[in-house]
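Along the sequence shown, residues carry numbers from 1.
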Amino acid sequence: MPPTFSIIIPTRNRPEFLRRAVDSVRAQCYEDWEMIVVDDGSMVPAIQVLTSLDDTRINLVRNEESHGPHHARAQGLLQARADHLCFLDDDDYFLPHHLQEVHDFYRALPDKQTMIVTGIITLRRDGSLVQDGIYKGGKTMLTQYWHNPISLLPFVLPRSIALRHPLPREHSPIEDFEWLVTLLLHEPAIQLPVYTVVYAEHESNRTNHLITKQDLLAREEVIRRLVALPGFAGQIGRKAIRNKITHQRLHWSRQCMRHGLWRNAVFGVRRAVGGAGLASIKEIIYTIWVALRTLPSSR
């Protein structure tokens, strides 16, 4: 019999984080799961990190060269046998009741072909834990996600939905965002008002290092692809689209400032200000604040 859940973990060069992520799955109250760890060309192979674990529920896929987390997740999907899929990055972790909460809810749900989203907790760099906002009724899940996007971490997907809407073919810095917008545009989703997963902030977060001009242009191209999807315009208005593009430009510019890449930062800010609306004034002010704080360290 296939397991109830397949947990897909892409990993690369994060052995200390990977062990925490794997241990958080093994500590689940609900034990009917399989774990698929896709080692995306780590210098220290993941098998060395997991060699002491005698658990037949753990499957390891090894790439000798890195192809990126996007490709690694697709590999994990090919291996998955369960009806429901979870995506756990190697630097994040589940709380012990995560799978139990989702399983109990699915048992009582008439339509099992529905995505489930749980609450997400952010582990700040200073060690503090902050509960992020919960999506509420009244607005569509897509609208709320567009304004307040989160990672794949708290989403549980029926395998049939993942097969109907494959991962995007184009690699990008925001491929998770592109996939989830596509899923929420076409498929139902329900928010559970329980916090069951933890997203960890740290210096090596992937988004902190995607700071080339091509990375910014790739972000903008994702927005253009999403806007072109049938039915998208009926749910997300032009103002929200413009604000999202401005946000991507300013977010990228702030990351460049923190790395002292001021020519790139100026390039991004100019693009952002040229298309910004009134709703983006607060973020523009925040970007100026980041510039003032990071400028001395770049000299």
Asks: So do the side chains of P158 and M115 get within less than 4.5 Å of each other, counting heavy atoms only?
Replies: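 Yes, side chains in contact.
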Asks: Passes side-chain contact (heavy atoms from CB on, under 4.5 Å), F17 versus Y93? Steps please.
Replies: CA-CA 9 Å; F17 287 137; Y93 58 95; over 6 Å; no
Asks: Mind checking the CG-CZ spacing from L210 to R219? Nearest 0.5 Å is all I need.
Replies: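 Between L210 CG and R219 CZ, I get 6.5 Å after rounding to 0.5 Å.
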Asks: Any idea which heavy atoms bring Q191 and G119 closest together, and the distance?
Replies: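 Distance-wise, the nearest heavy atoms are NE2-N, 3.6 Å.
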Asks: In this structure, would I241 and L180 fall into the same cluster of hydrophobic residues linked by side-chain contacts under 4.5 Å?
Replies: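 Same cluster.
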Asks: Could you check if a side-chain atom of Q75 sits within less than 4.5 angstrom of a side-chain atom of H71, using non-hydrogen atoms only?
Replies: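 Heavy-atom side-chain distance check passes, below 4.5 Å.
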Asks: For I7 and L99: C-alpha separation, side-chain torsions, deciding distance, then whether side-chain contact (heavy atoms from CB on, under 4.5 Å) applies.
Replies: CA-CA 10 Å; I7 297 102; L99 295 181; 4.1 Å; yes
Asks: Would you say L77 and L85 make side-chain contact, with heavy atoms under 4.5 Å?
Replies: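 They are in side-chain contact.
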Asks: Any donor-acceptor pair under 3.5 Å linking the side-chain atoms of Q144 with those of N148?
Replies: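 Checked: N148/Q144 side chains show no N/O donor-acceptor pair below 3.5 Å.
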Asks: When rounded to the nearest 0.5 angstrom, what distance separates CZ in F267 from NZ in K213?
Replies: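 Answer rounded to 0.5 Å: 5.5 Å.
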Asks: Side chains of R254 and T287: any donor to acceptor distance under 3.5 Å?
Replies: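 T287 vs R254: donor-acceptor pair found between side chains.
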Asks: Taking 4.0 angstrom as the limit, do R73 and D89 come out as a salt bridge?
Replies: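 The answer is yes: the pair qualifies as a salt bridge.
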Asks: Rounded to the nearest 0.5 Å, how far does CD of E187 lie from CZ of R164?
Replies: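 Between atom CZ of R164 and atom CD of E187 there are 4.0 Å.
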Asks: With a 4.5 Å heavy-atom cut-off, do V269 and M257 have their side chains touching?
Replies: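 A side-chain contact under 4.5 Å exists here.
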Asks: With side-chain contact (heavy atoms from CB on, under 4.5 Å) as the criterion, how do H103 and C29 come out once you've worked through the C-alpha distance, each side chain's angles and the decisive distance to 0.1 Å?
Replies: CA-CA 11 Å; H103 173 260; C29 301; over 6 Å; no
Asks: Are V102 and M35 grouped together when hydrophobic residues (ILVMFWY) are joined by side-chain heavy atoms under 4.5 angstrom apart?
Replies: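 They do share one cluster, since a chain of ILVMFWY contacts under 4.5 Å joins V102 to M35.
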Asks: Could you label the plane-to-plane angle of the W179 and F87 rings as parallel, tilted or perpendicular, counting under 30° as parallel and over 60° as perpendicular?
Replies: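 W179 and F87: perpendicular rings.
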Asks: Can you find a heavy atom in the side chain of L95 that is under 4.5 Å from one in the side chain of I121?
Replies: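 Yes, close enough: below the 4.5 Å cut-off.
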Asks: Pick one: which of D90, D40, D92 meets salt bridge (Lys or Arg N to Asp or Glu O under 4.0 Å) with R14?
Replies: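 One option only clears the test, and that one is D90.
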Asks: Which value, rounded to the nearest 0.5 Å, describes the distance between N59 atom CG and Q79 atom CD?
Replies: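 One gets 7.5 Å once the value is rounded to the nearest 0.5 Å.
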Asks: With a 4.0 Å cut-off on N to O distance, would you call D55 and R57 a salt bridge?
Replies: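 Yes, D55 and R57 are salt-bridged.
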Asks: Going by heavy atoms in the side chains, are E101 and T118 under 4.5 Å from each other?
Replies: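 No, every pair of side-chain atoms sits at 4.5 Å or beyond.
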Asks: Parallel, tilted or perpendicular: which fits the ring planes of F232 and W146, with parallel below 30° and perpendicular above 60°?
Replies: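 Rings of F232 and W146: perpendicular, as their planes differ by over 60°.
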Asks: If you measure only the distance, is there a donor-acceptor pair under 3.5 Å linking the side chains of Y30 and T4?
Replies: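 The criterion, which ignores hydrogens and geometry beyond distance, is satisfied for T4 and Y30.
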Asks: Hey, mind stepping through R62 and S42 against side-chain contact (heavy atoms from CB on, under 4.5 Å) and telling me if it holds?
Replies: CA-CA 9 Å; R62 163 77 177 173; S42 297; 4.0 Å; yes
Asks: Under a 3.5 Å threshold, yes or no: a donor from one side chain and an acceptor from the other, between H251 and T207?
Replies: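 Per modelled atom types, H251 and T207 side chains form a pair under 3.5 Å.
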Asks: Does a side-chain heavy-atom distance below 4.5 Å link I150 with Y199?
Replies: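 Counting from C-beta outward, I150 and Y199 never come under 4.5 Å.
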Asks: Side chains of D39 and T11 only: does a donor on one sit below 3.5 Å from an acceptor on the other?
Replies: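 The answer is no; no qualifying pair exists.
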Asks: Judged by modelled atom types alone, do D132 and T122 share a side-chain donor-acceptor pair under 3.5 Å?
Replies: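 Yes.
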Asks: State the CZ-NE2 distance between R258 and H209, to the nearest 0.5 angstrom.
Replies: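 Reported value, rounded in 0.5 Å steps: 11.5 Å.
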Asks: With rounding to the nearest 0.5 angstrom, report the CZ to CG distance, R124 to D126.
Replies: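 It comes to 8.5 Å.
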Asks: Where does the angle between the aromatic ring planes of Y286 and W289 fall among parallel (under 30°), tilted (30 to 60°) and perpendicular (over 60°)?
Replies: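 Ring orientation, 0 to 90° scale: parallel.
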Asks: Do W33 and R26 have side chains that get closer than 4.5 Å, going by heavy atoms?
Replies: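 W33 vs R26: side chains touch.
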Asks: Of all the heavy-atom pairs spanning S280 and N243, show the shortest one and how long it is.
Replies: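 Minimum heavy-atom contact is OG-OD1, 3.6 Å.
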Asks: Looking only at atom types and distance, does a side-chain atom of N63 sit under 3.5 Å from a main-chain N or O of G41, one as donor and one as acceptor?
Replies: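 Looks like no, no N/O pair under 3.5 Å.
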Asks: Report the relative orientation of the aromatic rings in Y106 and H84; use parallel for angles under 30°, tilted for 30 to 60°, perpendicular for over 60°.
Replies: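 Tilted: the ring planes of Y106 and H84 meet at 30° to 60°.
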Asks: What pairs of donor and acceptor atoms, side-chain ones from residues 43-51 against any protein atom, are under 3.5 angstrom apart with sequence neighbours left out?
Replies:
none

Asks: Do T212 and D215 get their side chains close enough for a donor-acceptor pair, meaning under 3.5 Å?
Replies: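 The criterion, which ignores hydrogens and geometry beyond distance, is satisfied for D215 and T212.
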Asks: What's the shortest heavy-atom distance between Q235 and T140, and which atoms?
Replies: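 In this case the closest contact between Q235 and T140 is OE1-OG1, 3.7 Å.
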Asks: For the pair T196 (side chain) and H98 (backbone), establish whether a donor and an acceptor sit closer than 3.5 Å, ignoring hydrogens and angles.
Replies: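 Here the side-chain-to-backbone pair does not exist.
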Asks: With H70, which residues qualify under side-chain contact (heavy atoms from CB on, under 4.5 Å), at least two apart?
Replies: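 side-chain contact (heavy atoms from CB on, under 4.5 Å) check on H70 returns L167, P168, H171, E175.
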Asks: Can you give me the closest heavy-atom contact between R81 and S6, atom names plus distance?
Replies: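 Taking R81 first and S6 second, the nearest heavy atoms are N-OG, 3.4 Å.
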Asks: Check side-chain contact (heavy atoms from CB on, under 4.5 Å) between E220 and all other residues, then give those that pass, not counting sequence neighbours.
Replies: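 Testing E220 for side-chain contact (heavy atoms from CB on, under 4.5 Å), a comparison that skips the adjacent residues, returns L216, L217, R224, R249, R271.
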Asks: Grab the two heavy atoms, one from A21 and one from L88, that are nearest each other, plus how far apart they are.
Replies: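 For A21 versus L88, the nearest heavy atoms are O-CD2, 3.7 Å.
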Asks: If you look at every heavy atom in L157 and A162, which pair is closest and at what distance?
Replies: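 Closest approach of L157 to A162: CD2-CB, 4.5 Å.
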